[in-house]
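To keep things clear, I will list the structure first and then write my remarks on it.
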Number of protein chains: 2
Amino acid sequence: MVTIKDVARLANVSIATVSRVVNNYTHVRPAVREAVTKAIAELGYRPNGLASSFRTQQSNIVGVLLRQQRTPFSSALAYAIENTMFDQGYRVLLCSTNGDADREEAYLNTMLEMRVQGVIIRPSAATPRTIKQVNLLREQGIAVSFVDMKPKIAAVSSVVCDNFSGGYQGMRHLIELGHRRIGVAAGSVAQKGGAADVGSERARGIRQAAADLATDVEIIWSPPFDIASFEIGREIGDVMIRANPDMTAIFATTDMLAIGVMHSAHALGLDLPGDLSILGYDGVLESSVTFPTLSTIAQPIHEMGQLAATTLIDHMRGVSKSPRQVVLENTLIQRASTIPLP
Amino acid sequence: MVTIKDVARLANVSIATVSRVVNNYTHVRPAVREAVTKAIAELGYRPNGLASSFRTQQSNIVGVLLRQQRTPFSSALAYAIENTMFDQGYRVLLCSTNGDADREEAYLNTMLEMRVQGVIIRPSAATPRTIKQVNLLREQGIAVSFVDMKPKIAAVSSVVCDNFSGGYQGMRHLIELGHRRIGVAAGSVAQKGGAADVGSERARGIRQAAADLATDVEIIWSPPFDIASFEIGREIGDVMIRANPDMTAIFATTDMLAIGVMHSAHALGLDLPGDLSILGYDGVLESSVTFPTLSTIAQPIHEMGQLAATTLIDHMRGVSKSPRQVVLENTLIQRASTIPLP
DNA sequence: CGGTATCTTGTAAACGTTTTCAAAACAAGA
DNA sequence: TCTTGTTTTGAAAACGTTTACAAGATACCG
């Protein structure tokens, strides 16, 4: 493998000069610069990134820690982050934890050891273990930024959507359409309404809208569940629809859930949206793909990723030291699955 | 930052011994090992990965170069690769080129400089430029493995699906159901039938099945297009259905295309699957999510990723030098969107 | 031409590991 | 106790860069 020494020898200069040319510093005579460039081309020299990373202790790598990778939300997020990072010269180490705490720990360890310059985390949950790991990262001077979850640790940046407002908007939409008996498919955590996490914020918005906007709204909560998948949506929908024949709308807190609910409604012979309006949440790809097309509360996923990336970059470059907590707005996308009550 | 020297000092041994403990080599007295371990814990020492990578010239990173990241296919693939790599101690650098040749080049450059140990590529196309880059990688001793495309370069490993057989199976399925006027939605490249790429292989299988299995099959080719997206599917479907009222089935060479076609059929007032059977290709998430649920030729995406990863690992470890070209079978998943002709 | 300021270049140290080599310590057999 | 062989340890070199520092070259002024 050809090193900087070989180039120096061929160009008849010192290795320091070659280094200066490679990193195009100032203070190199044009003639010399050209000679070095020529030698580089001739030898096919390529700087050893392992060596320069080592010397500068800068890896130019950022870790992106996601709990899942297969969901459209996660991959859209990863894509947005990677794109933004690429343009700024950073490369992305993909770390999907799969919800496995051991694996999360292993990845955080790797990141610590390979001296990543920053980490973007969308955590499984803000467990004490995660918090500890994150603090460890920050002690080592590694910039950290959360996405889609506002951590309890004060001094760390985050980008989240206003899930309260999203829930509120969705509920308002259904209420304005005249619906009064409204099913809500929300996970088990959400319903308890304790922690300030994504699901329970949405649920809180939903409750609030119902309280604010009409006196006669009845919310029918789904049975609790853990994973917001298509299959769960189908089960939930089946149970709720059977038990509540007078329910006229269902607000599902995830698009995949909503699609599942749609399937169950179809299976039970309901006409959509005539017999039942359905509203989703997320705005992922599948939304536009159902019959009828799915109304949904869309999250600006790309913007989330982009902002998380630029925030992290600012921290890494020392441009901005103080944490920045960004809250983005969700927007209602009205399609064909929600209609006014006759 | 605490280094190996600090540990050595505290434990009263040389740095060589600490290194031996850290990498748990043999020939260290239990008592010494324990003392060192204690010192490591006490100081919170964490080996500097940048330094050891530099010293050994082993990054333990593999690059995964994908043309797109947002599609379910790509993200499922990336997920499978990352999972398998993780278990073997390798970390994954995510590189989505977005179909941009400059970006592909920039990423390949990065990988070369940071001395990744291997690269898995699902290229935009086997352009001469890509080929050149790949050869450059291999000259530097970096293992390369293709996925979802069999490269023309002889001596490189690949994992692909038998797209010919997939096309054949799909067509056979429709013919066996009694369909004779069958629309085929395939991209522009596919229809030319020249190169041995994914799309044209499928088209070849489709032609062959029609020729083999019935004398009276008429294939109605879609207008050419470049991107197999939902929107394109809707356009294509609209055109084809209007122009061919007697067509009884459409075979779309992508699930997203198929979903688009379904939408256009709905919009034109057709009853699915009564008036038109629709068959997809890929077996990605969305397949089970449509109304009616989509029959499709499923690719073993997870297995593809897994095999690509293990193949690459074998090459990196020198277990197997000779390239391995794996061909996997697609399987028909029959759901509700394809029915027999009455 | 001497002096000063600026630009250009080279020398050499440093980064934190791994690894080679040889020395030290120990064990066992005589 | 002295060999001989084995196990354990440390000293020091090496990996390929970057960079601080100093020295050499050049330009400009009076």
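Quick caveat: nothing in here was measured; it's all calculated off a predicted structure. Because only heavy atoms are used, hydrogens play no part in the values below, and waters and symmetry mates are left out as well, while side chains stay in. Residue numbers start from 1 in every chain, and the chains themselves are labelled A, B, ... in the order their sequence lines are given, proteins ahead of strands.
- Nucleotides of DNA chain C nearest to Thr26(A) and Ser19(B) differ in position, and the one nearer the 5' end is that of Thr26(A).
- Counting to the nearest Å, the C1' atom of dT18(C) and the CZ atom of Arg20(B) are 10 Å from each other.
- Candidate nucleotides dT17(D), dT17(C), dG10(C) were compared by shortest atom distance to the side chain of Thr3(A), and dT17(D) ranks first.
- Going from atom CZ of Arg55(B) over to atom C1' of dG16(D) covers 12 Å, rounded to whole Å.
- Protein atom CZ of Phe54(B) is 13 Å distant from nucleotide atom P of dT19(C), rounded to whole Å.
- Between Arg9(A) atom CZ and dT11(C) atom P there is a gap of 13 Å when expressed in whole angstrom units.
- Residue Gln57(A) places its CD atom among more than 12 non-hydrogen atoms of other residues, nucleotides or ligands, all under 6.0 Å distant.
- For the pair Ile4(B) CD1 and dT19(C) P, the computed distance is 11 Å after rounding to whole Å.
- Contacts of Ile15(B) with the nucleic acid, taken as non-hydrogen atoms under 4.0 Å apart, include base atoms.
- Picking from dG16(D), dA11(D), dT8(D) the nucleotide with the shortest atom distance to the side chain of Ser14(B) gives dA11(D).
- Protein atom NE2 of His27(A) is 16 Å distant from nucleotide atom C1' of dT18(D), rounded to whole Å.
- Side-chain proximity of Asn48(A) to dG10(C), dG16(D), dG16(C): nearest is dG16(D).
- Test Val64(A), Ile120(A), Thr310(A) against Met85(A) for side chain to side chain contact (heavy atoms under 4.5 Å, CB included) and you get one pass: Ile120(A).
- Nearest approach of Ile4(B) to Tyr45(B), heavy atoms of both residues: N-CE1, 3.5 Å.
- The residue Val22(B) sits apart from the nucleic acid: no heavy atom pair falls under 4.0 Å.
- At dT19(C), one or more side-chain N or O atoms of Tyr25(B) fall inside 4.0 Å of OP1 or OP2 (strictly under the cut-off).
- Using cut-offs of 30° and 60° on the angle between ring planes, the pair Phe54(A) and Phe54(B) is parallel.
- Residue Thr17(A) places none of its side-chain N or O atoms closer than 4.0 Å to OP1 or OP2 of dT9(C).
- Atom CD of Glu34(B) has 12 or fewer neighbouring heavy atoms from other residues, nucleotides or ligands inside a 6.0 Å radius.
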Inset, instruction - Would you sort out whether Gln58(B) and Ser53(B) count as a side-chain contact (heavy atoms from CB on, under 4.5 Å), showing the intermediate values? - result: CA-CA 5 Å; Gln58(B) 304 238 310; Ser53(B) 283; over 6 Å; no
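- dG10(D) atom C1' lies 13 Å from atom CG of Asn12(B), rounded to whole Å.
- Judged by distance alone, the side chains of His315(B) and Ser145(B) never bring a donor and an acceptor atom under 3.5 Å apart.
- Direction of the helix axis in the helix from dC1(C)-dG30(D) to dA30(C)-dT1(D) shifts by 40° between the two five-pair termini, rounded to 10°.
- Atom-to-atom, CE of Met114(B) to P of dG16(D) comes out at 18 Å; the value is rounded to the nearest Å.
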